[in-house]
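Start at 1 and go down the list; that is how both ligands and their atoms are numbered.
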Amino acid sequence: KEKEIYKEKGINLIVMKTRETSTKVDKLLSLFEGEDKKLIKEAIEFIEERHGEQRRASGEPYINHPIEVALILAEMGLDRDTVIAGLLHDLLEDTETTYEEIKERFGKDVADIVEGVTKLGRFQFKNLEEQKAENYRKLLLATARDLRVILVKLADRLHNMLTLGYLSKEKQIRIAKETLEIYVPIANRLGVWSIKTQLEDLCFMYLYPSEYERVKRFVGDSKKELEEYLKRVFIPKLKEALKEASIEAHITYRPKHLYGIWQKTIRKGIRLEDVHDILGVRVIVNTVQECYLVLGVVHSNFTPVPGRFDDYISLPKPNLYQSLH
Ligand code: MN
């Protein structure tokens with residue numbers, strides 16, 4: 001039946017897939033239009049045919065993996081070629097497919113990205129001392145002349161970390177260590193925040209399970225209360241004050257990720273109970289000047305905590321991140 005449904009959508013499924021795969025494919029295709037959508041459909045058919053009956057360690061059809069990788073990339077807003085490279089990224093390594101074939105069907109950019117990702121996969125990282133890890137990171141960045149190679153590799157690693165539970169304990173630890181020492185700093189350097197934080201929390205869970213549970217429990221207990229306060233008191237008050245100052249702003253809030261909270265207790269030598277920013281409020285405005293205006297509004301409406309202010313606009317972080325904290 002699903003084969004029929006897909007035929008109507010213009011995709012010929014060769015191997016029967018799980019319902020989960022269908023949902024992901026729908027989501028992926030909904031993010032593209034016209035020629036791009038058509039080419040992505042072709043790429044899905046292509047990997048279906050090539051990966052065939054291959055399966056993941058979890059037992060699910062192999063193509064679930066590249067589809068998830070492509071979806072991560074598409075949701076980050078990356079271009080069609082990167083998304084197609086995400087779909088094709090394991091073909092050179094795991095099937096008989098050649099570089100030339102990919103180039104002919106999907107263009108040189110896609111073929112080059114897939115080849116780059118394949119090369120990165122061949123580096124072996126073991127016993128990483130800090131100095132060596134730094135060298136590997138440099139090597140990776142230098143090898144990938146096209147940054148899209150790194151982005152595909154990061155999405156690949158994220159999905160592998162999300163499905164790490166199916167591997168042996170030994171492999172879990174090896175891969176989580178490698179991720180924390182090599183891929184997290186690269187994601188940080190490139191400013192791919194969503195991948196960086198997800199990778200960190202997954203590594204945290206596998207490498208320091210008891211600490212992970214402790215932080216998770218702590219956040220679970222205090223988050224609700226704080227969220228209530230932000231929603232009912234802080235944000236409405238801030239909105240009002242900004243409106244009065246005629247500043248157009250977009251206000252959101254997000255929980256600090258678990259690894260970030262844990263690191264903070266270590267870095268500052270404090271207890272979990274003393275971490276006060278487990279929920280951060282974010283005010284996005286149109287100009288740099290307005291950032292400072294917002295700061296003025298905040299300080300005149302709320303009492304700042306002495307010594308807890310950072311100006312990353314005049315002193316950007318090494319990855320060029322700029323904002324006022
Ligand atoms: Mn992969």
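For the side chain to side chain contact (heavy atoms under 4.5 Å, CB included) test with Pro61, the passing option among Gln54, Arg55, Arg56 is Arg55; the others fail.
Residues Phe309 and Leu295 are in side-chain contact: their nearest non-hydrogen atoms beyond the backbone lie under 4.5 Å apart.
Cluster annotation: Val219 is connected to Leu272 through the hydrophobic network of ILVMFWY side chains, with a link wherever side-chain heavy atoms come within less than 4.5 Å. Hydrophobic clustering, with ILVMFWY side chains joined whenever heavy atoms are under 4.5 angstrom apart, groups Val233 together with Phe302.
Among heteroatoms of the N, O or S kind in Asp90, OD2 lies nearest the Mn ion (ligand 1).
An angle of 90° is found at the Mn ion (ligand 1) between Asp156 atom OD1 and His89 atom NE2, rounded to 10°.
Put simply, Glu93 stays out of reach of the Mn ion (ligand 1), with no N, O or S atom under 2.8 Å from it.
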